[in-house]
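Whatever order the structure lists ligands and atoms in, that order sets their numbers, starting from 1.
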Amino acid sequence: MKTTLSLVERHHSDINRQANGLLRSSKGLRYAYMHPLKVQTKIFICLFTLCALLLPAASVYAGTIWNDDFESGDLSGWTTSGTAIASTDAANADTYGGELNGTAWMERAVSTASYTTIHVKYDRKTDSMDTGENLYVEWFDGSDWNNLETTQDPNWISQEYTCAANADNNTNFKIRFLTDANEVTEYAYLDTVVITGTDTFPPTPNPATLASTPTNIFGSENLAMSATIGSDALSEPVEYYFAETTGGPGANDSGWRTANSYLDSGLLPNTTYTYTVQMRDAVGNTGTVSVGYSGTTQALVPDVVGLTQAAAEANIVAAGLTVGTVTTDYSDTVALNDVISQNLTAGTSVPAGTSVNLVISLGVQMVTVPDVVGLTQVVAGTTLTAAQLSTGTVTTAYSDTVATGLVISQSPIATTSVVHDTTVDIEVSLGVQMV
Ligand SMILES: [Ca+2]
Ligand SMILES: [Ca+2]
Ligand SMILES: [Ca+2]
Ligand SMILES: [Ca+2]
């Protein structure tokens with residue numbers, strides 16, 4: 001039996017050819033799902049297809065997974081049965097095509113891993129088949145063969161079909177051409193077999209994860225983080241989007257970026273921020289947002305020198321730090337109970353909770369003047385030095401009671417409380433005045 005395309009069918013076929021591959025063939029749909037053909041239905045499909053052409057293109061990647069135009073002159077890579085060869089008789093537009101002679105088949109495994117929306121396109125015709133004998137075009141989903149077309153059409157037609165979803169991302173996918181003609185003078189011819197697919201998968205891992213959680217670096221205003229590097233089977237490069245979810249002061253989202261790391265700056269010290277990361281591939285397949293990862297900026301050491309102890313401790317706690325060891329010392333310049341010094345330098349960044357040691361002023365050191373009367377001048381001097389005092393003006397006088405060289409008197413007198421390093425004047429005896 002010979003099948004002849006109607007005038008309408010030829011017209012649509014021409015439209016499809018002129019669309020030069022951009023048009024997803026409506027003929028495939030007709031042959032797959034509609035028989036016998038209805039002119040009204042075909043017009044509807046044609047209008048539908050033209051409308052689809054006017055819609056913005058989806059930002060997905062349609063790439064060739066595999067193709068064979070048989071120009072190698074053999075069927076390498078194919079599994080065959082019966083008389084299946086590459087021959088010049090079977091070519092459509094160029095030199096070689098695939099030929100099935102009598103009862104035969106040729107099948108080809110083509111992994112569709114990472115692809116969806118699997119299209120199968122091929123040129124075919126039959127020659128001299130009898131009624132009930134056909135070329136069958138089928139695809140394998142891993143467990144069953146699925147028919148795309150059963151035909152004995154003697155005209156070269158370029159067919160295109162979209163496989164069902166179980167063809168997607170399928171490492172067991174196969175395409176098969178099979179004939180059940182009973183004589184060696186009966187043929188099917190094939191050329192330009194092309195399998196394409198679309199990338200609809202986001203990068204992996206999905207959801208994205210952080211490889212290093214937000215960590216304070218370079219002072220107390222910055223948190224740095226990095227995402228686990230993503231990969232995408234078909235559409236690199238992977239891009240990353242870091243988002244801060246608490247709306248914390250100074251926090252910013254990263255925007256989409258090819259770098260897998262992010263540094264958010266301008267943050268407050270000792271403040272917790274939470275970030276998520278998300279990945280997308282080069283054609284806009286966007287993955288799931290990660291869980292939130294929190295990080296806390298470091299605390300900024302306040303300057304508390306000169307403050308009262310109470311105010312200093314309040315400031316330290318407010319900065320996210322703790323008060324460490326508090327010791328005391330005398331100071332000639334810092335008032336009693338005010339901070340003389342702190343062990344951490346003001347303005348530096350340290351982990352929250354770090355302790356700050358303080359030295360609190362006892363005020364000016366007072367000492368008690370020792371009794372040096374009756375001592376030699378030398379011993380009086382060392383005694384005063386030991387008492388954090390020094391010898392002041394030394395005068396001499398005759399004395400009937402104090403031996404020569406010993407201190408007669410001192411000023412200030414013993415037991416007086418004075419500021420440290422005060423000078424003590426002494427009067428040294430010259431002995432009894434001789435006349
Ligand atoms: Ca060819
Ligand atoms: Ca036959
Ligand atoms: Ca992808
Ligand atoms: Ca910021």
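Not one N/O/S atom of Leu234, from backbone or side chain, sits under 3.0 Å from the Ca ion (ligand 3). The Ca ion (ligand 1) has an N, O or S atom of Tyr96 closer than 3.0 Å. Taking backbone and side chain together, Leu267 holds no N, O or S atom under 3.0 Å from the Ca ion (ligand 4).
The shortest side-chain heavy-atom distance between Asp123 and Gln159 does not fall under the 4.5 Å cut-off.
The minimum heavy-atom distance between Pro302 and Ala319, with the atom names listed, is CD-CB, 4.0 Å. Looking at every heavy atom in both residues, Leu358 comes nearest to Ala312 through CD1-CB, 4.2 Å.
Distances from the Ca ion (ligand 1) to each N, O or S atom of Asp94 single out OD1 as the nearest. The atom of Asp281 that is an N, O or S and sits closest to the Ca ion (ligand 3) is OD2. Looking only at its N/O/S atoms, Asp69 has O as the one nearest to the Ca ion (ligand 1). The atom of Asp264 that is an N, O or S and sits closest to the Ca ion (ligand 4) is OD1.
Both tests hold for Arg176 against Trp145: distance to the six-membered ring centre under 6.0 Å, angle to the ring axis within 45°.
Rounded to the nearest 10 degrees, the angle OD1 (Asp191) to the Ca ion (ligand 1) to OE2 (Glu71) equals 160°. The angle subtended at the Ca ion (ligand 3) by OD2 of Asp199 and O of Phe201 is 130°, given to the nearest 10°. Centred on the Ca ion (ligand 4), the angle running from Asn252 (OD1) to Gly250 (O) is recorded as 90°, rounding to 10°.
Between Glu138 and Lys174, none of the side-chain N atoms (NZ, or NE/NH1/NH2) sits under 4.0 Å from a carboxylate O, so this pair counts as no salt bridge.
Ring pair Tyr96/Phe70: centre-to-centre distance not below 6.0 Å.
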Handout entry: Pair Trp105-Phe177, ring pair (Phe, Tyr, Trp, His ring centres under 6.0 Å): steps then yes or no
Key = CA-CA 6 Å; Trp105 53 259; Phe177 299 93; over 10 Å; no
